[in-house]
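Not measured: the values here are computed from a predicted model. What's counted below: heavy atoms across the whole structure, side chains too, no hydrogens, waters or symmetry copies. Chain letters run A, B, ... following the sequence lines, proteins first and then strands; every chain starts at 1.
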4 protein chains.
Amino acid sequence: MSTSPDIRIDVSAATPVYRQIVDQIRTRAVEGALRPGDALPSVRRLAIDLGIHFNTVAEAYRALAEEGWIDVAHGKAARVRNRSTPPAPEAAEVEDFRQRLRHLIAEMRAQGLSPGRISRELLTLAEGLKR
Amino acid sequence: MSTSPDIRIDVSAATPVYRQIVDQIRTRAVEGALRPGDALPSVRRLAIDLGIHFNTVAEAYRALAEEGWIDVAHGKAARVRNRSTPPAPEAAEVEDFRQRLRHLIAEMRAQGLSPGRISRELLTLAEGLKR
Amino acid sequence: MSTSPDIRIDVSAATPVYRQIVDQIRTRAVEGALRPGDALPSVRRLAIDLGIHFNTVAEAYRALAEEGWIDVAHGKAARVRNRSTPPAPEAAEVEDFRQRLRHLIAEMRAQGLSPGRISRELLTLAEGLKR
Amino acid sequence: MSTSPDIRIDVSAATPVYRQIVDQIRTRAVEGALRPGDALPSVRRLAIDLGIHFNTVAEAYRALAEEGWIDVAHGKAARVRNRSTPPAPEAAEVEDFRQRLRHLIAEMRAQGLSPGRISRELLTLAEGLKR
DNA sequence: GTGGTCTAGACCACG
DNA sequence: GTGGTCTAGACCACA
């Protein structure tokens with residue numbers, strides 16, 4: 001039996017569909033909604049559920065496998081991998097993430113969100129990380 | 001003479017060059033390094049400075065104009081616009097940003113950054129917004 | 001009682017399970033650990049020992065029989081065949097192997113192994129063949 | 001202008017076409033036939049030359065980019081990357097390669113190549129690495 | 001049943 | 001011009 005990851009796809013969004021799948025499954029794995037050993041639905045099953053082609057799901061699973069989040073093998077269901085200690089992040093990578101965060105925040109302000117509102121969102125997320 | 005925005009381009013990065021320009025100029029405008037009325041370098045000037053094709057810069061300026069950050073006109077330097085009160089963001093947009101933030105954080109954790117470290121980054125950014 | 005070939009299976013590896021079995025039994029036969037006439041464990045016995053489905057073991061035995069390494073028959077244990085002089089390899093096949101060797105070495109260098117280190121590995125193997 | 005890597009494809013071979021492309025380009029890069037900065041033919045150009053679909057070539061380029069051998073970007077030709085020092089190989093990886101070498105040699109003997117002949121092949125390759 | 005590979009071709013994004 | 005994404009569907013390999 002496989003855990004249903006409850007994925008929401010927006011085909012008209014700018015980010016590719018396969019990336020949306022990757023992002024959502026990775027987020028669920030990080031946040032604990034998907035645990036090591038959990039089986040994912042088959043590529044064809046999930047494709048039907050989402051109303052997309054199975055190749056698109058297969059590409060997402062392949063990317064997740066390469067990132068080390070899941071194990072895929074012929075004839076068997078894909079499963080969430082028990083990640084060993086991840087490699088230490090390099091300073092350049094940290095700076096890259098910091099910049100992406102700043103750009104995202106700039107986009108939010110460009111869309112009319114007030115600094116106070118954004119600040120509150122960040123504090124909520126930071127709080128959630130301490131759990 | 002025009003304000004030099006000091007833009008850093010990485011042609012081998014995953015994000016398109018024109019997006020890098022847009023992101024960095026928008027970020028500077030949001031953070032106050034670029035103020036309403038400031039003139040940007042000409043498309044050809046900036047293209048030469050960055051060592052890229054001027055079409056790429058032109059596309060970036062076009063995108064910034066569409067987002068309402070700058071005014072462009074034939075024969076005159078592009079200038080940072082005096083943004084009127086931005087439209088109120090819709091709930092769906094806020095939720096979209098929240099999700100993008102969560103995905104970014106998941107990527108950071110996937111790269112080995114500890115929750116505590118990420119939390120500190122978020123708090124620093126939130127602090128900066130209160131200025 | 002049958003010879004225990006001491007096979008190690010990694011179900012999460014990239015190479016299919018049945019190929020791992022084939023590769024390891026063939027290697028043992030070539031290197032002399034398995035000799036003509038030696039009996040292999042039954043399909044079901046080996047499957048239980050390895051913790052895999054017996055169909056997978058059956059497929060491996062079938063492939064080994066096709067390659068001429070073992071004899072299988074209903075109701076009797078599979079046995080290592082007394083290989084007659086093998087057919088002379090064609091030039092095309094030799095070239096194919098040479099290419100596979102070069103590709104493997106390229107992969108090793110891609111993984112960071114120094115040419116000197118790889119060279120030593122090759123010399124060790126060549127030495128072992130002269131026994 | 002792009003270097004022609006002179007790739008030979010066998011569509012009836014067991015190894016997937018895209019892997020054959022990856023293996024051959026990687027080998028050429030390791031052996032120096034392809035040097036950092038060299039441009040590869042476009043995916044559509046190479047696909048036509050090889051008589052296959054461009055998606056297959058694109059998949060090969062993507063894999064090579066992920067392995068760090070080439071840089072691919074929108075609108076520009078793929079180029080051989082100037083590889084920085086590769087990460088140190090772990091002991092487990094070395095053992096994995098050693099085993100793959102042994103299996104390959106066993107296959108060669110299974111095909112009728114004499115130990116002496118194989119030994120000579122290995123010595124030739126080891127010699128080539130000392131250049 | 002599972003995932004993998006390949007072709008065919010549409011449409012989009014980037015430079 | 002370049003590469004990227006997606007669909008459609010055939011056929012193969014593995015468990």
According to salt bridge (Lys or Arg N to Asp or Glu O under 4.0 Å), who are the partners of Arg102(B), at least two apart in sequence or on a separate chain? Glu31(A)
Hey, where does DNA chain F pair up into stems, meaning at least three consecutive Watson-Crick or G-U pairs with distances under 3.5 Å? E:1-14 with F:1-14
All side-chain hydrogen bond (donor to acceptor under 3.5 Å, both in side chains) counterparts of [X], not counting sequence neighbours:
X	result
Arg28(D)	none
Arg35(A)	none
Arg19(C)	Asp23(C)
Asp71(D)	Arg81(D)

Residues touching DNA chain E, which here means a heavy atom under 4.0 Å, drawn from residues 15-23 of chain B: Pro16(B), Val17(B), Tyr18(B)
[X]: which residues meet the side-chain contact (heavy atoms from CB on, under 4.5 Å) condition with it, sequence neighbours left out?
X	value
Ala106(D)	Arg26(C), Thr27(C), Val30(C)
Gln20(C)	Ile9(C), Asp10(C), Ala13(C), Thr15(C), Gln24(C)
Arg98(C)	Val94(C), Glu95(C), Arg117(D), Glu121(D)

Let me confirm one number: the [atom1]-[atom2] distance from [X] to [Y], rounded to the nearest 0.5 Å.
X	Y	atom1	atom2	result
Tyr61(D)	Leu40(D)	OH	CG	4.5 Å
His103(A)	Arg100(A)	NE2	CZ	10.0 Å
Ile48(C)	Ser42(C)	CD1	OG	7.5 Å
Phe54(A)	Leu46(A)	CZ	CG	13.0 Å

Toward the 5' end of DNA chain F, by each residue's nearest nucleotide, Gly75(A) or Glu59(A): Glu59(A)
Outer limits of DNA chain E sitting under 4.0 Å from a non-hydrogen atom of chain A, read 5' to 3', are dG1(E) to dC6(E)
Is there side-chain contact between Tyr18(B) and Arg62(B), with heavy atoms separated by less than 4.5 Å? no
Specify the residues of residues 49-58 of chain C, ordered by number, for which at least one heavy atom lies under 4.0 angstrom from an atom of DNA chain F. Thr56(C)
Would you mind telling me which residue lines up with the more 5' stretch of DNA chain E, Arg45(A) or His74(D), judged by nearest nucleotide? Arg45(A)
